[in-house]
Amino acid sequence: MILVCFIVPALIVCLVILYAVLIGRFFLIKSKIPVLGFKGVLNRTAGRRRKLAAMGALFFIVSFGAQVAVDLWAPDMLMVFNYEEAARGQNPNVTRFNESNILSESILEKVIQRGSLGLTPEQLSKALSISTSLDSKKLDVTQESDLKISTEYKVRCDEKVAFHGTDPKTVLNLLADVYWEEFVLRYGENDSILDLSFDGMEGMEYLDVKDYLEMQANKLRNYLPSYSSESSSYRAKDSEETFSSLSEKIGNFIDIELERYEAFVLENGLSQNRDTYQSRMQYANHRLDTLQRKDMAAHDVRIEAINMYNAYMTRFVLIPTYDTDKEFYMSKTKVGVDYFADEAEEHLESATKLVEEAQHNTYASAQVGRANPSSAVREQADRQIQALKAELMNLAAQSRQLCSDYVKEKRDGYIQMSFDKPPVLFRAVIALFMTGLFLIAWSGKAILEPFWRQYRGERTAPREKRQESENREEAKA
């Protein structure tokens with residue numbers, strides 16, 4: 001197939017040689033061409049028109065067919081980045097997009113490895129080129145309106161890769177597969193957080209199981225809002241789930257199912273090791289008490305600072321302001337005492353939560369100390385744990401499927417890759433133009449042929465006479 005690529009260049013070389021010969025003959029014999037009898041000279045080619053038409057048709061078929069064959073064998077590949085951030089020159093994870101990564105050395109090495117190609121990365125890099133529709137435009141970077149970011153890139157592979165035992169289309173297919181995989185891995189939505197693991201639950205305290213499962217469920221619930229903010233109305237085709245409905249399910253799992261499990265454990269005073277658990281609760285409460293006293297001390301300091309302010313200094317200040325709609329209003333601004341009040345409230349809330357947590361630990365420790373659960377109760381708790389794990393895994397699978405469907409539909413796979421179709425009409429025009437040049441040259445050659453023969457005859461006649469006279473003289477001698 002590589003030989004077909006040289007057909008059109010060979011035809012062009014032939015046309016150049018043909019025209020060079022034609023022009024050279026014309027200047028040699030132009031004095032012998034009869035101006036008034038030129039019409040009769042043209043009539044001499046009437047008998048050769050069929051032959052000329054056949055040669056022209058053959059020339060057109062060969063040139064047109066060779067061009068289309070090369071386009072099919074070595075097409076250009078169009079890469080269209082169709083996610084929203086691409087128009088801003090960003091990757092899906094909002095990092096900066098760099099088109100040079102498409103033909104980076106690491107990508108080319110993986111292309112060579114996957115296709116078992118007989119090239120080095122340097123050789124493959126020279127065979128590949130990338131361009132955009134904006135490359136031919138001169139942009140005035142001083143004008144913001146002229147700054148354009150391309151989301152379409154055309155990649156071309158040189159036909160010379162055939163000398164290394166492959167073809168351009170195969171190379172481009174390998175490049176498309178490798179780059180898409182690397183792009184999704186590096187810059188696509190990372191849903192690895194949806195991969196739940198329960199390996200650490202082996203031998204865990206019953207109450208700690210609740211905290212561990214809650215942590216895993218919160219990973220799911222915190223992941224979904226990013227998609228919900230983009231498209232709150234998106235629904236899965238099969239389950240009709242939305243991001244908000246699935247997030248609500250996860251919330252019910254945490255607030256209802258896990259709380260029900262915790263209540264069962266506390267009611268029956270379940271623990272893996274009573275003494276160890278009670279000692280741990282005692283240490284935890286000691287730490288919570290220390291933190292609670294620190295928060296209350298910080299709260300008291302800020303209340304004391306507020307009381308030291310003069311009444312005239314604590315009045316709010318109104319500032320003339322325009323909102324986003326250019327409407328005028330008086331904005332209330334904070335003074336120092338307002339910041340102290342907010343901080344005091346935050347420390348008080350934190351201290352209150354610490355007290356509640358300490359009370360919960362005390363109650364759990366007391367329940368564990370006075371209870372003596374049977375094996376049947378423990379088996380029931382284990383069954384509940386397995387059921388909670390199964391339900392959480394199901395929620396994770398639903399989350400992954402919903403996010404995957406959304407990315408596939410809304411992001412459309414991030415990148416669309418396709419091969420350019422052969423520009424048949426354009427190739428036909430080029431073939432017709434070349435055929436026209438061929439027919440003109442061949443017709444001119446046919447017209448000048450009689451005069452060229454006459455010219456050759458006149459040039460060779462004196463030479464033949466001299467040769468005859470020399471032969472006579474030699475014979476007489």
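Throughout, numbering of the chain's residues begins at 1 and tracks the sequence.
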Self-check item: side chain to side chain contact (heavy atoms under 4.5 Å, CB included) between Phe243 and Cys403, intermediate numbers included
Solution: CA-CA 8 Å; Phe243 293 111; Cys403 295; 4.1 Å; yes

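- Aromatic pair Phe81/Phe97: centroids less than 6.0 angstrom apart.
- Checking Asn101 against Ser104 by side-chain atom types alone, no donor-acceptor pair falls below 3.5 Å.
- If you check the side chains of Gln216 and Lys219, you find a donor sitting under 3.5 Å from an acceptor.
- For the pairing with Ile112, the side-chain contact (heavy atoms from CB on, under 4.5 Å) check across Val178, Val171, Leu124, Thr166 returns one residue only, Leu124.
- When all heavy atoms of Ala431 and Ser63 are compared, the pair lying nearest together is CB-OG, 3.4 Å.
- Ile385 has its side chain within reach of Lys389: a pair of non-hydrogen atoms, C-beta onward, lies under 4.5 Å apart.
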Quiz item: Would Thr170 and Asn173 count as a side chain to side chain donor-acceptor pair (under 3.5 Å) if you check the C-alpha gap in whole Å, the side-chain angles of each, and the deciding distance to 0.1 Å?
Solution: CA-CA 5 Å; Thr170 299; Asn173 275 320; 5.7 Å; no

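- Not one N or O on the side chain of Arg156 forms a donor-acceptor pair closer than 3.5 Å with the backbone of Leu128.
- Note that CZ of Phe59 is 4.5 Å distant from CG of Leu11, once rounded to the nearest 0.5 Å.
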Practice problem: With side chain to side chain contact (heavy atoms under 4.5 Å, CB included) as the test, would you mind laying out the steps for Leu103 and Ser125 before giving the verdict? | Solution: CA-CA 7 Å; Leu103 302 181; Ser125 177; 5.8 Å; no

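- Met434 approaches Ile12 most closely through the heavy-atom pair CE-CG1, 3.8 Å.
- Taking every heavy atom of both residues into account, Tyr261 and Ala381 meet most closely at CE1-O, 4.1 Å.
- Taking each heavy atom of Ala396 and Leu194 in turn, the nearest pair found is CB-O, 3.9 Å.
- Under the 4.5 Å side-chain criterion, counting only non-hydrogen atoms from C-beta, Met77 is not in contact with Lys154.
- Between the Glu109 side chain and the Ser106 main chain, no donor and acceptor come within less than 3.5 Å of each other.
- The CG atom of Leu392 sits 10.0 Å away from the OH atom of Tyr212 when rounded to the nearest 0.5 Å.
- The distance from atom CD of Gln380 to atom CG of Leu270, rounded to the nearest 0.5 Å, is 9.5 Å.
- Side chain to side chain, Asp405 and Gln401 meet the donor-acceptor criterion of an N or O pair below 3.5 Å.
- Within the 4.5 Å cutoff, no side-chain heavy atoms of Val155 are placed close to those of Asp76.
- Two residues are said to be in side-chain contact when any heavy atoms from C-beta on lie closer than 4.5 Å; Gln90 and Thr95 fail this criterion.
- Closest approach of Leu224 and Ser247 over heavy atoms only: CD1-N, 3.9 Å.
- Listed here is the closest heavy atom pair of Ala284 and Asn361: CB-ND2, 4.0 Å.
- Within the 4.5 Å cutoff, side-chain heavy atoms of Leu437 are placed close to those of Tyr19.
- Taking CE from Met215 and CG from Asp208, the interatomic distance works out to 11.0 Å, rounded to the nearest 0.5 Å.
- A salt bridge does not link Arg280 with Glu205: none of the charged nitrogens is closer than 4.0 Å to a carboxylate oxygen.
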Exercise. Take Tyr206 and Glu262 through the test side chain to side chain contact (heavy atoms under 4.5 Å, CB included) and record every step on the way to the result.
Key: CA-CA 8 Å; Tyr206 287 99; Glu262 183 182 26; over 6 Å; no

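- Ser245 pairs with exactly one of Glu241, Lys249, Glu248 by the side-chain hydrogen bond (donor to acceptor under 3.5 Å, both in side chains) rule, that one being Glu241.
- Within the 4.5 Å cutoff, side-chain heavy atoms of Tyr179 are placed close to those of Met79.
- Atom CD of Glu152 sits about 9.5 Å away from atom OG1 of Thr132, to the nearest 0.5 Å.
- A salt bridge does not link Lys110 to Glu105: none of the charged nitrogens lies less than 4.0 Å from a carboxylate oxygen.
- Between the OG1 atom in Thr435 and the CG atom in Leu58 there is a gap of 9.5 Å [rounded to 0.5 Å].
- Not one N or O on the side chain of Ser350 forms a donor-acceptor pair closer than 3.5 Å with the backbone of Glu346.
- When side chains are defined from C-beta on, His360 counts as touching Leu266, because their heavy atoms get closer than 4.5 Å.
- Between the side chain of Asn268 and the backbone N or O of Phe264 there is at least one donor-acceptor pair closer than 3.5 Å.
- Looking only at side-chain heavy atoms (C-beta outward), Tyr223 and Asn218 stay at 4.5 Å or farther from each other.
- Judged by distance alone, the side chain of Thr276 and the main-chain N or O of Asn273 form no donor-acceptor pair under 3.5 Å.
- Other residues, nucleotides and ligands place no more than 12 heavy atoms under 6.0 Å from the CD atom of Gln113.
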Self-check item: Chi angles and distances behind the side chain to side chain contact (heavy atoms under 4.5 Å, CB included) call for Val209, Asp211
Solution: CA-CA 5 Å; Val209 168; Asp211 296 333; over 6 Å; no

Practice problem: Please step through salt bridge (Lys or Arg N to Asp or Glu O under 4.0 Å) for the pair Glu259 and Lys210, ending with a clear verdict. | Solution: CA-CA 8 Å; Glu259 291 297 330; Lys210 182 259 182 182; 3.5 Å; yes

Self-check item: salt bridge (Lys or Arg N to Asp or Glu O under 4.0 Å) assessment of Glu357 paired with Arg287
Solution: CA-CA 11 Å; Glu357 187 176 348; Arg287 289 184 65 254; over 6 Å; no

